[in-house]
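Here is the structure we will look at, set down as structure tokens.
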Amino acid sequence: MAVQFCIELAIYPPTFLVLNNPNITLHFNTEAVDIASYNKGQMSDILLRKVDTGEEYVLEAKGLFYGIGHSPNSQLLEGQVELHNSGYVIVEADSTRTSVEGVLAGSSRCTVDHEWRQAITAAGSGCIAALSVERYLVGNNLLIEFHQPQREEVKKELKDRDVQEGFNITLTKNRGQYALRKVYHESPRLICVLYTAPTCGPCRTSKPILSKIHGNSNVS
């Protein structure tokens, strides 16, 4: 089975290991267009397109690792802040400050993360940028706090659909999409959604913990 790899020489110098591997077939100048399934919802084929000729063809495959984040998508910042020749936002060393006062940047679109380009490093630099924004606003007396006015929740009679779905808006815990829509549209309370999958190990670990926290809560 052929395996498609997107390789950037700057990130993976030992490219010869891939080129000399008889179990790997490289598809250069190629992009994935669509995925086909002919076996009970499982992936069976990939529709590929040659970017230089526009030719499309089908590759039999049972798995796909899709790489994103190779382009910084910083076009909207062109001419506004200083950019690297590869398109990444240039920030000062050990900071999130850009070439424009008051403009701070984070995530994998910055030169601070252009080497690693991982979700966790992007999230970390984004967090640093958010905290830096707060400090900048406070330091320049620009921070304004807004508080939502307190509202009393209107008590409503249960409808037939509510009873059928087992939903009660007065409870602090309900189950299902119907309950989520009802609470979202008809209650001013904060919503915490617990979404778990039966095959997810961390879900099985965290679900009873979160349920216990809810059980000990007196929030109404």
Side-chain angles (χ1 to χ4, degrees), residues 1 3-8 11-12 24 31-47 59-73 96 105-110 112-134 148 151 153 155-156 158-220:
M1 180 182 68
V3 179
Q4 178 184 4
F5 277 81
C6 178
I7 298 176
E8 293 191 22
I11 302 179
Y12 305 108
I24 298 177
E31 62 180 355
V33 178
D34 200 0
I35 298 175
S37 174
Y38 302 107
N39 184 19
K40 298 180 180 180
Q42 296 180 353
M43 175 181 169
S44 58
D45 299 292
I46 305 177
L47 177 62
L59 175 68
E60 181 180 353
K62 296 182 179 179
L64 172 66
F65 292 90
Y66 200 82
I68 62 174
H70 295 280
S71 298
N73 293 330
T96 58
S107 85
S108 54
R109 289 175 174 81
C110 304
V112 69
D113 193 41
H114 78 284
E115 179 179 356
W116 310 112
R117 284 181 279 190
Q118 298 296 312
I120 190 169
T121 54
S125 63
C127 178
I128 295 173
L131 294 173
S132 300
V133 168
E134 181 186 22
Q148 291 284 358
R151 293 188 301 163
E153 189 170 350
K155 304 299 182 182
K156 297 183 179 180
L158 293 178
K159 299 179 181 179
D160 293 339
R161 177 71 185 280
D162 297 341
V163 177
Q164 179 183 353
E165 296 286 344
F167 169 74
N168 188 339
I169 200 170
T170 62
L171 300 179
T172 58
K173 185 176 182 179
N174 285 278
R175 182 187 297 270
Q177 296 183 5
Y178 176 80
L180 178 60
R181 291 196 301 269
K182 291 282 288 187
V183 175
Y184 179 81
H185 291 290
E186 300 182 12
S187 173
R189 287 178 288 174
L190 294 175
I191 301 175
C192 177
V193 180
L194 176 60
Y195 178 82
T196 60
T199 58
C200 173
C203 294
R204 292 194 298 269
T205 302
S206 60
K207 185 175 181 179
I209 298 175
L210 295 174
S211 298
K212 185 176 181 180
I213 293 174
H214 171 266
N216 295 333
S217 173
N218 294 320
V219 179
S220 60

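Atoms considered below: every heavy atom in the structure, side chains included; atoms not considered: hydrogens, waters and symmetry mates.
- Between the side chain of N174 and the main chain of N168, a donor-acceptor pair closer than 3.5 Å is present.
- Distance CG/L47 to CD/E31: 10.0 Å, rounded to 0.5 Å.
- Between K182 and D162, the closest heavy-atom pair is CE-OD1, 3.4 Å.
- Annotation: the span from D45 atom CG to I35 atom CD1 amounts to 10.5 Å, rounded to 0.5 Å.
- Shortest non-hydrogen contact noted between S44 and S37 is OG-CA, 3.6 Å.
- Shown here for M43 and G63, the closest heavy-atom pair between the two residues is CE-O, 3.6 Å.
- Scanning both residues, L194 and K207, for their nearest heavy atoms gives CD2-CG, 4.0 Å.
- Atoms CZ and NZ, from F167 and K159 in turn, are 10.0 Å apart once rounded to the nearest 0.5 Å.
- In plain terms, the two heavy atoms of A32 and I46 that are nearest each other are CB-CG2, 4.1 Å.
- How far CG of L180 is from NE2 of H185: 8.5 Å, rounded to the nearest 0.5 Å.
- Other residues, nucleotides and ligands contribute only 12 or fewer heavy atoms inside 6.0 Å of the CD1 atom of I120.
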